[in-house]
Structure formats: structure tokens, C-alpha cells
Amino acid sequence: MSEVMTALQQACRAGMLSETAVHFAGLLARLDLKADRSVLLAGALAAERALSGDVCVDLESIAGGIVLEGDSDGDLVSPDFAKWQQALWNCPLVSDGGHLSPLVLTDDGRLYLYRYHALECRLAQSVGRYARPASHSADASLLAEGLDTLFPEDPGSADQRAAAAKAVDQHLLVISGGPGTGKTATVVRILALFHQLTLARPERILLCAPTGKAAARLREMLASAVEMGPEALQRVPQPVTVHRLLGVRPGQRPRYDATRPLPCDLLILDEASMVDLSLMTSLFDAVPQEARLILLGDRDQLSSVEAGAVLGDICRAADQGALPDTLVALRHNWRFSSTSALGTFAGAVRDGNLSQATALLESVDPAQLELITMPDTSGIDTLLTARIIPHFADLERLAHDGASTETLFAKRDEMMVLCAHRRGPRGVSDINARIQASLRSAPRSSSDGSAFPGMPMIVMRNDPVLGLYNGDIGIVVRDPETPGRLQAVFQDAKGEVRAISLGRLPEHEPAFAFTVHKAQGSQSSAVTLILPEKASPILSRELVYTGVTRAQDSLQIWGSREVLSAAIERSARRPTGLAERLQTSRVLCP
């Protein structure tokens, strides 16, 4: 036992394993002094994978091979699957989930931490309960009349019309589609349709999103619905984050749960791909049994930062027939034509079609799509100076000249710089530091610490009092009422501007560049996606696809062809059991 713990500690020092995983394995060793070394190894891997967003470990896929690399004699090799499975079953710390235990092992070789197994089972049962025809539907003729009014006779709108009809007929609906497929427009029309058919009172329609920024976009969507629909929709409560909707409080139960359901007849969740297993389970728990629930998102985007891949799992279960009539895929793209280079490239990346993606990079107009190779990090400053820094220098000049907030944000939105990694060479911190150092070298009349007029910044922590949320973007400007002092201006979805002194801001950092994860839900005319020097576990086709689909007109990818190819060939699909569990959960439902 001490031998395997020593090996795990060595792997930790080598950066191959987290301290949390080592501590968890140590806990297992203390709880069962006779635990087999393979049980401790499995426990360390389960804890490590949970930190990376995986809800379980597929033991069969890694059995009999090196699972943690060390020095010449420090590699940790797993036993073959049958022996590993038997050792786990023989350990009192492992169960099938029927009783509390640190680890849960399923018959097909998935190993869970108990919490994630329990959450997955609970969510599967909840999804199964909601995947049924609506208890109170609408008159067929009135529904047809409403659909004819809201959806034009256009083949491109056929999927949107189908989604609206299913929203009326089903308790659970998933609307999946990439950027430009009209997800928002569809939901706006669904709101108007529900009002026409009196299926939900406006005050009992709730809208939410996983982040403050996404909730702000929902508020814009609601404003559009009011403009195109009846004034009664003005009574729909303002969209909020899922945490705020549920009343999540640190160390306490949510305000709303299965014992105290949300006061709603219809709940719409936007950017559902970003919602992790735990939060989605809490949301399903809190939705009344007779309410309708609409999940809106792109199944092909990156999964949530926290554990799980819930939207993708639900969509896969629906593909397999487990959840009939619950999924509508929006296929017509209103942003890109069928011959668009960006749209075609995004599709090739999404499908893992490396040959098509490579051919496009070699044949299309570089003004639309270009791969710029960088053999090493030394060339990054040259590229930044030529292609990125002039944009932010113009933004700085506009701020110095007192341009309006609308002008500043319009300028900022012309370009988006994305990185795959947060830290390390070519990561967000590195790129931000390089751009900031270049801009700071230019003379300016005033400054306040590291901030300066024209510098974009991103909020890193929610502050409901100030109405700022993780992911909100602001721009530094001079405070007109206090010479020499700086403030940050923020523009909400309705175009309204707020100015907040830098000292009052919650945790924030420069936002010349940010991660692909932070960019989800945003778009820009021109996008630059910076890849790391070497392939890494973070890189995947889902990450590249998410970055690519932020671009509306042009895309530059900085990095080697080898790293890009490795990313496109690798899927970040997480091992879970939710899709399979949904195949059987319906037998448990009324």
C-alpha cells in the first residue's frame, strides 16, 4: 500500500496528479487498511477525473496500460480489466450505489465518486419524468393558426416551427443548434405563441442562464419579444442566473427544490451546454411536475467547466429513441450560406473531418479563413504587433479622445482574441501581458496602476449588488467628475451604460484576450484563435469548434498545423452514464 501511495505522491510532484487526488487515495487507505493497490489507484483516478469535469472513469478503456507516467521506474500501470473490477468489488469501500460508499462501480466498468453517481441517477429519473406529452395541450386549429402567424412559409423556418409545436405538446423540449440557426428567434416566437394560446401566464414564465452574461442576452431576447408580441409579455420576470433563480446559498439548501418548486408554468434555460450535472439536477428538482421546460443550446460546443456533459447526453439519448419528441435540431443557418468558408470549416471541425478542414485552410480566401503557423513562441510578439495591437491602440486613442461608450464597445467588438489555455505560453495571461506591455510603452497623460483608458477588462466574480457577473466585459475610461481617476463602463443588453469606479469592481483582469470557455455565447466580426505550442489534454475539436463559431466574418488561427490537426482529431466527449441511464429511466416514471 505504501508503495502505491509513494508512486502517487511522485506523480503529484511531477505534475501528473493533483494533491486532492493523492489525499483521496490516502483517505481510502486509512478507511481500509487492506485495500488493494489497484483500488487506491482507481480512487485517485476517479478524484482526478472529477476535477477535470469527468463524472466517472471508464476503467475498461484504460485497463492494462500506463495511467500515470513517471520517471524510468515510476510509471503506474493498471491491471487488466477483470482483475481490476474484481479487486474493486472485493473492497468494502466500493458499492453499486445502493448504499453510501466512497466509490461506486457499475457493471459495465464505470467508476464514480458516490456523489456523482447519485446525481446522475437522480437526473436521469427527472429527465425521464418530464419527457412526456403535455398534460394540457392546445386546440389543434388554434395551434395551427398561431404557427401560421408566427412562422413564415419558408423552408428555412421549418425546424423553428417544429420546435414551437413541440414546445406546446411536450413537457420537455431541447432545441439544439449552432450559432446563426435562430435559437433565440425561435424562443421569442414560442413566448408569443404561449401567450396566444394562454398556456402560461406571463408572470409564471421564468428564463435563466448559467452565467450573468448569458442572462443579460436573455433580457435582450425578452425585450425583443415584447416589441414583436403582446404587451402582456412585459410582465414576464427578468431573466436571471440559474443560481439566483434557485436561491443557491453557500453551505445551505437552495431556496427552491423538490419540496418547494419554482412558481412557473414554463421555464426556459439558455446556454444549457454550460450547465453541469449538479446544477442541472437542482434545476430539474425545482421545476413543477406540470410545468414545461425548454433547454436551449448547442450540443456540439464545449461542455460545462464543472463535471458532466448533460446537454450532449440528453441529445444522444434522444437520438437513440429514449426520449421521443424531446429534441429539435435547428439546421438552417441564417448567418452563413451553404457555401460559406467559415460555416463549412466549422462543420468540418465539428464532425472531426480533418481532410476537409485542411483542404479549406489551403483553398479559401485568407481574408476569411487563415492558419498562421508559429514554429515557437518567439514569433508571437511580431504577430501581435502587426495584427492585434493596432486594434487596441485605436481603442485606447478613442478613449483618450473622449469617444462615447457606444463607440468604444463597437470598436472593441470588431475583434476577439481567444486562447485555448488560461496559463502558460500563448495562454490568456501570457497574451494579455504581452499586449498590455506593448501598449503601456506608449506615452500617455494619465494612468491608474496597471489600468489605462481604453483597456478592456473582464469581471471574474459575480456581484449582484453592482449587477456585474462573471464574464461581463467593461472598458476603462476617465472619470469626468474626478480628474486623474479612472472608472470602468459597462453596456447592458439594452445599450444602457453604467460607470463604476475601479476600486468598487469585483475581481477582474485585462480582457485583450480570454479563453474559449469565457467566449461561449459571444460573437465578433473577426476572431483570432491562438493555439498552444504543443497538443494538450485541453485541446479538442469541441474547443476549436466553439472558438471558430464565435467568428462572423473572418477567422485567423495561430499555431502549427500539427497541433490544430491533433485538436480536430480528438473529441472531448466525457465519460458518463447519463445517456445510457436515460434508456431505462422511463420505466421508473409514471
Side-chain angles (χ1 to χ4, degrees), residues 179-180 213 217 335-336 340-342 345-346 364-372 374 379-401 403-422 426-440 442 451-459 471-477 488-491 509-531 543-559:
K213 184 168 64 173
R217 289 194 302 274
R335 181 183 303 168
F336 302 122
S340 161
L342 285 178
F345 182 72
V364 302
D365 183 357
Q368 292 182 301
L369 175 64
E370 184 179 15
L371 173 64
I372 300 177
M374 292 188 299
I380 193 78
D381 287 323
T382 301
L383 277 172
L384 289 172
T385 300
R387 298 175 180 253
I388 302 297
I389 290 173
H391 168 80
F392 291 109
D394 287 344
L395 183 60
E396 183 180 2
R397 281 192 291 272
L398 287 170
H400 176 78
D401 294 340
S404 67
T405 300
E406 292 76 9
T407 300
L408 294 177
F409 274 92
K411 181 64 181 179
R412 189 201 70 88
D413 291 344
E414 290 177 3
M415 175 181 289
M416 184 182 293
V417 182
L418 304 178
C419 301
H421 288 211
R422 177 168 171 77
R426 303 188 190 178
V428 168
S429 298
D430 177 42
I431 299 301
N432 275 334
R434 292 173 185 271
I435 295 175
Q436 189 168 352
S438 178
L439 293 171
R440 291 285 291 174
F452 53 85
M455 185 179 85
M457 57 173 49
I458 184 169
V459 174
D472 285 351
I473 302 292
I475 298 176
V476 178
V477 298
V489 289
F490 296 84
Q491 189 175 41
E509 60 185 41
F512 303 105
F514 39 93
T515 62
V516 175
H517 266 105
K518 287 287 188 185
Q520 289 188 85
S522 302
Q523 279 81 43
S524 179
S525 176
V527 169
T528 298
L529 174 61
I530 302 177
L531 302 178
L543 182 141
V544 176
Y545 169 79
T546 304
V548 166
T549 52
R550 302 312 95 200
Q552 296 173 298
D553 299 313
S554 67
L555 170 71
Q556 290 183 2
I557 301 176
W558 295 5

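Numbers here are sequence positions counted from 1. These numbers were taken from a predicted model, which means no experiment stands behind them.
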Which distance, rounded to the nearest 0.5 Å, do you find between the CD of Q523 and the CE of M416? 7.0 Å
Please walk me through it: do I388 and I435 pass side chain to side chain contact (heavy atoms under 4.5 Å, CB included)? CA-CA 8 Å; I388 302 297; I435 295 175; 3.8 Å; yes
In chain order, what residues pass the side-chain hydrogen bond (donor to acceptor under 3.5 Å, both in side chains) check against H421, with sequence neighbours excluded? S536
Are the side chain of R550 and the backbone of S522 linked by a donor-acceptor contact shorter than 3.5 Å? yes
pair M457-I475: side-chain heavy atoms closer than 4.5 Å: no
Are the side chains of I473 and F490 in contact, using a 4.5 Å heavy-atom criterion? no
Please report the shortest heavy-atom distance between A399 and G454, naming the atom on each side. CB-N, 3.4 Å
Roughly how far, to the nearest 0.5 Å, is CZ of F345 from CG of L371? 8.0 Å
Residue list, side chain to side chain contact (heavy atoms under 4.5 Å, CB included) with D553, at least two apart or on another chain: S525
Side-chain (N432) to main-chain (A513) donor-acceptor, under 3.5 angstrom: yes
Between D413 (side chain) and S524 (backbone), is there a donor-acceptor pair under 3.5 Å? no
Applying side chain to side chain contact (heavy atoms under 4.5 Å, CB included) to F452 and Q436, what does each step give before you reach the verdict? CA-CA 10 Å; F452 53 85; Q436 189 168 352; 4.0 Å; yes
If you look at every heavy atom in V489 and F409, which pair is closest and at what distance? O-CZ, 3.5 Å
Do we see a donor-acceptor contact under 3.5 Å between the side chains of S404 and T407? yes
Minimal non-hydrogen separation, L418 against T515, with atom names: CD2-O, 4.1 Å
Would you say the side chain of I431 lies within less than 4.5 Å of the side chain of F512, judging by non-hydrogen atoms? no
Flag side-chain contact, heavy atom, 4.5 Å: T549 against L342: no
Got K518 and I458 here, is their nearest side-chain heavy-atom distance under 4.5 Å? yes
Considering residues at least two apart in sequence or located in another chain, which fulfil the salt bridge (charged side-chain N to carboxylate O under 4.0 Å, His left out) criterion with K411? D394, E414
Heavy-atom distance under 4.5 Å between the side chains of P453 and V477, does that happen here? no
Flag, side chain of D365 to backbone of A367, donor-acceptor distance under 3.5 Å: yes
Please test V417 against F514 for side chain to side chain contact (heavy atoms under 4.5 Å, CB included), starting from the C-alpha separation and ending with a verdict. CA-CA 7 Å; V417 182; F514 39 93; over 6 Å; no
How long is the span from the CD atom in E396 to the CE atom in M455, to the nearest 0.5 Å? 10.5 Å
Of the non-hydrogen atoms in M415 and R387, which two are nearest, and what is the gap between them? CE-O, 3.5 Å
Answer yes when D430 and R434 have at least one side-chain N-carboxylate O distance shorter than 4.0 Å, and no when they do not. yes
Step by step, would you call W558 with I380 a side chain to side chain contact (heavy atoms under 4.5 Å, CB included)? CA-CA 9 Å; W558 295 5; I380 193 78; 3.7 Å; yes
Of all heavy-atom pairs linking A420 and L543, the shortest is CB-CD2, 3.9 Å
With no hydrogens and no angle check, is any side-chain donor or acceptor of T528 less than 3.5 Å from a backbone partner on Q556? no
For L395 and P456 the tightest heavy-atom approach is CD2-CD, 4.3 Å
